Amino acid sequence: MNTVSLPITTDVLKAADAIVNDHLCAIPTETVYGLAANARSEKAVSRVFAAKNRPADHPLIVHVASYADVNEWICEIPSWAEKLAIQYWPGPLTLVGKKSDQVLDLVTAGQDTVAVRVPAHPVASQLLNELKSRSVKGLVAPSANRFGHVSPTNANHVVDDLGDYLLENGDLILDGGSSTVGLESTIVLVTKKNPVILRPGSITNDGIELVTGLEVLEKTKNEPRVSGSLDSHYSPIAKVLLVNENEMPNSSDAGFIGLSSIDVPNKLTVLLAADNLEIYASGLYQALRHGDALGLSTIYAVLPTGFGLATAIRDRLTRAAD
Ligand code: TXA
Ligand code: MG
């Protein structure tokens, strides 16, 4: 737990000043909080990798104010991908396309593609528009957690994870309340004839097929790297065990995560009993972190069934359990 007092602010102009001066600023988005820096500043982007302890071969997502700004980063967008952008931006969708020449190698980890998204959170949107007026055309913003840990969905989570790794004189945390979606964006590769989902999220295969009129293809081993797709990721300190609802022991040292329709043995600490999938998604990371704050040794999670958002929840919990 961090002991340094880092400036948490709600002042978007102060956050813009920090970014312009090559400092880091954690920002709220509707998915999770991101650790933002000017995507054109080698110095600032290097500090993002250092603060997160993120290996250099894991590329970052560039966040822009609107679809009109994407050309600065992606040089070829097929018409079906444009349809996705028009339908879902601003929102929890990331497009990975062929990168333009100006994109730093540090951002793409040397790959010839770059990931871009337009966040919907009003505070992120205000910040990106303010920065645009000051000639900053995009922000890298990986989730604002230490590499491999659970993503943050509020400003306090960022302090807990990165407080010791941000600098007191200049770095900031911009507080925009709790993230409403709670799971990272859906990542779609747009360099092929058909969309390929690199990371499932709240924008679903069905939605993508409906908007593009194209079949969504499975990703293959050769697809670009997605760090959230490493087997072990999103991990709390407690051991996460995936169980059937009738398999949970009545242990006082353990927690439960699942739907509210499930009967939970009375000694388990209920970390999340969600009435629906949206609540499951938005409360999942908070629940994992809460289990650690209580010092529980084990968290029993019952996976939701079905498609759409359930697929994304299963993806994250399966990796948290590895
Ligand atoms: O919802 C989100 O996407 C959040 C918020 C803050 O915007 N950001 C986020 O960033 O989840 P991060 O760095 O934790 O995850 C970004 C993912 C990584 O898995 C990375 O490998 C993948 O995007 N990625 C970035 N650039 C890529 C590229 N060129 N090709 C394939 N995957 C890429
Ligand atoms: Mg992440």
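Source: prediction; values computed, not measured. Count residues from 1 along the sequence. Worth knowing before you read on, the calculation uses all heavy atoms, side chains too, and leaves out hydrogens, waters and symmetry mates. Atoms within each ligand, like the ligands themselves, are counted from 1 in listed order.
At a 4.0 Å heavy-atom cut-off, ligand 1 touches Thr113 through backbone and side chain alike. Proximity of Ser143 to ligand 1, defined as any heavy-atom pair under 4.0 Å, is shared by backbone and side chain alike. In Leu60, the part holding a heavy atom less than 4.0 Å from any atom of ligand 1 is the backbone. For His58, no heavy-atom contact with ligand 1 is shorter than 4.0 Å. By the criterion of a heavy-atom distance under 4.0 Å, neither the backbone nor the side chain of Lys219 is placed next to ligand 1.
Between Tyr234 and Tyr285, the ring-plane angle classifies as parallel under the 30° and 60° cut-offs.
Close approach of ligand 1 to Ile187 (heavy-atom distance below 4.0 Å) involves ligand atoms 17 (C), 22 (C), 23 (O). Atoms of ligand 1 found under 4.0 Å from any heavy atom of Ala115 (numbered from 1 in listed order, with element): 25 (C), 26 (N), 27 (C). Below 4.0 Å from some heavy atom of Val96 lie the following atoms of ligand 1, by number and element: 28 (C), 29 (N), 30 (N). Of all atoms in ligand 1, listed by their number and element, those nearer than 4.0 Å to a heavy atom of Pro142 are 10 (O), 12 (P), 13 (O).
Contact annotation: the side chain of Glu247 never approaches that of Leu241 to less than 4.5 Å [non-hydrogen atoms, C-beta and beyond].
Ligand 1 has no atom lying under 4.0 Å from any heavy atom of Pro119. Ligand 1 has no atom lying under 4.0 Å from any heavy atom of Lys99. Ligand 1 lies less than 4.0 angstrom from a heavy atom belonging to Arg117. Thr108 does not count as a contact of ligand 1, since none of its heavy atoms falls under 4.0 Å from the ligand.
On a distance-only criterion, Arg54 and ligand 1 share at least one N/O pair closer than 3.5 Å. Remark: ligand 1 and Tyr33 share no N or O pair separated by less than 3.5 Å (distance only, no angle test).
Thr31 and Thr153 get closest at one heavy-atom pair: O-CG2, 4.3 Å.
Annotation: Asp263, atom CG; neighbour count of heavy atoms from other residues, nucleotides and ligands within 6.0 Å does not exceed 12. Counting heavy atoms of neighbouring residues, nucleotides and ligands inside a 6.0 Å radius, atom NZ of Lys137 does not exceed 12 of them.
The existence of a salt bridge linking Asp160 and Arg289 is excluded, since no basic side-chain nitrogen approaches an acidic carboxylate oxygen closer than 4.0 Å.
Ser143 lies close to the Mg ion (ligand 2), since one of its N, O or S atoms is found at a distance under 2.8 Å.
Cation-pi contact between Arg117 and Trp73: absent, since separation from the ring centre below 6.0 Å together with deviation from the ring axis within 45° is not met.
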